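Beneath this line is the structure, given in structure tokens, with notes to follow.
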Amino acid sequence: DAFGAGLMPHSAFIYDAGYVKLREVVFTYNIPPSLLGKSFLKGASLSVVGSNLWIIHKNLPYADPESGMTAGNIQGYTTGSLPTTRDFTFNIKFNF
């Protein structure tokens, strides 16, 4: 039997992988032209970007459902993968 007891994972290692994730948020402030005065800049903006900020999971401890490491056709099998990191980025944009 291909699905014998020796090949199936134990129920203690099976989790509901349903989740809600806030993947990315961007806040941008455009500097008004009046603040730039008579400089050589035509425009400027400042941005803050946050990635992987928040995840709600029902029963998936210490893991991110999107970070599974699989090979071939083994959906949902996760081993040795860590949760994705929370990142913050700051951007400055100048228009000449």
Side-chain angles (χ1 to χ4, degrees):
D1 185 356
F3 297 103
L7 298 177
M8 299 300 290
H10 190 274
S11 63
F13 301 106
I14 298 175
Y15 299 99
D16 177 358
Y19 67 97
V20 175
K21 183 175 184 177
L22 180 60
R23 185 169 291 142
E24 186 171 275
V25 173
V26 180
F27 293 106
T28 301
Y29 175 72
N30 292 315
I31 298 173
S34 61
L35 290 178
L36 299 174
K38 297 185 181 203
S39 69
F40 60 94
L41 295 175
K42 292 184 179 180
S45 63
L46 306 170
S47 298
V48 177
V49 182
S51 299
N52 301 313
L53 299 177
W54 176 66
I55 187 168
I56 295 176
H57 54 81
K58 184 175 181 180
N59 190 18
L60 191 63
Y62 312 113
D64 182 345
E66 295 177 344
S67 68
M69 295 170 41
T70 62
N73 193 19
I74 309 173
Q75 291 91 6
Y77 181 72
T78 302
T79 180
S81 61
L82 298 173
T84 53
T85 59
R86 182 176 296 142
D87 299 318
F88 294 97
T89 307
F90 301 95
N91 298 321
I92 301 173
K93 178 181 173 183
F94 298 109
N95 296 329
F96 299 99

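Here the structure is a predicted model, which is why all the values come from computation and not from measurement.
Apart from F90 itself, the hydrophobic cluster it occupies contains V48, where clustering links Ile, Leu, Val, Met, Phe, Trp and Tyr at side-chain heavy-atom distances under 4.5 Å. Grouped by direct or indirect side-chain proximity (heavy atoms under 4.5 Å, Ile/Leu/Val/Met/Phe/Trp/Tyr only), L46 sits with Y29, I31, L35, L36, F40, L41, I92, F94, F96. Hydrophobic cluster membership for V26: V49 (Ile, Leu, Val, Met, Phe, Trp, Tyr linked by side-chain heavy atoms under 4.5 Å, directly or transitively).
To the nearest 0.5 Å, atom CG of residue N95 and atom OG of residue S45 are 7.0 Å apart.
For T89, there are no side chain to side chain donor-acceptor pair (under 3.5 Å) partners, not counting sequence neighbours. Residues satisfying the side chain to side chain donor-acceptor pair (under 3.5 Å) criterion with S51, sequence neighbours excluded, are absent altogether.
Under the salt bridge (Lys or Arg N to Asp or Glu O under 4.0 Å) criterion, the residue pairs touching residues 22-41 are R23-E66, with sequence neighbours excluded. Annotation: salt bridge (Lys or Arg N to Asp or Glu O under 4.0 Å) contacts involving residues 85-96, sequence neighbours excluded, are absent.
Between the side chain of N52 and the backbone N or O of T85 there is at least one donor-acceptor pair closer than 3.5 Å.
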